[in-house]
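Below you'll find the structure, written out as structure tokens, and then a few comments.
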Amino acid sequence: MREGGVELARRWVAALVMVAPEDREQLVAEIESRIVALYALPPTPPPEANDTPDPALIAPKPTPKPTPKPARKKNTNT
């Protein structure tokens with residue numbers, strides 16, 4: 001526990017002891033859900049919901065072959 005954690009735990013237990021035994025479970029559940037709502041990390045989408053494909057799964061595009069240049073005509077004027 002961090003510094004002061006033991007004191008904080010003692011205060012929580014002391015406060016819970018003041019609550020009627022039949023109400024404690026509900027109170028703890030309500031406090032717990034409120035803490036989770038305030039401080040929980042946002043959910044991450046499951047992998048199948050992510051529509052960005054894994055780069056390793058994408059086939060490389062074929063390199064286009066260069067178009068051949070037309071044959072040069074021979075000079076017949078010599």
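Sorted by first and then second residue, the side-chain hydrogen bond (donor to acceptor under 3.5 Å, both in side chains) pairs involving residues 29-39 (not counting sequence neighbours) are Gln26-Glu30. Judged as a side-chain hydrogen bond (donor to acceptor under 3.5 Å, both in side chains), the pairs with a partner in residues 6-19 (not counting sequence neighbours) are, in order, Glu7-Arg10.
Connection of Leu8 to Val13 is not established within any shared hydrophobic cluster, with ILVMFWY side chains joined at heavy-atom distances below 4.5 Å, either directly or through further cluster members. Met18 is not connected to Ile31 by any chain of hydrophobic side-chain contacts under 4.5 Å among Ile, Leu, Val, Met, Phe, Trp and Tyr, and they are in different clusters.
In the hydrophobic clustering, where aliphatic and aromatic side chains (Ile, Leu, Val, Met, Phe, Trp, Tyr) are joined below 4.5 Å either directly or transitively, Leu41 stands alone.
Scanning for side-chain contact (heavy atoms from CB on, under 4.5 Å) contacts around Val19 gives Asp23, Arg24, Leu27, with sequence neighbours left out.
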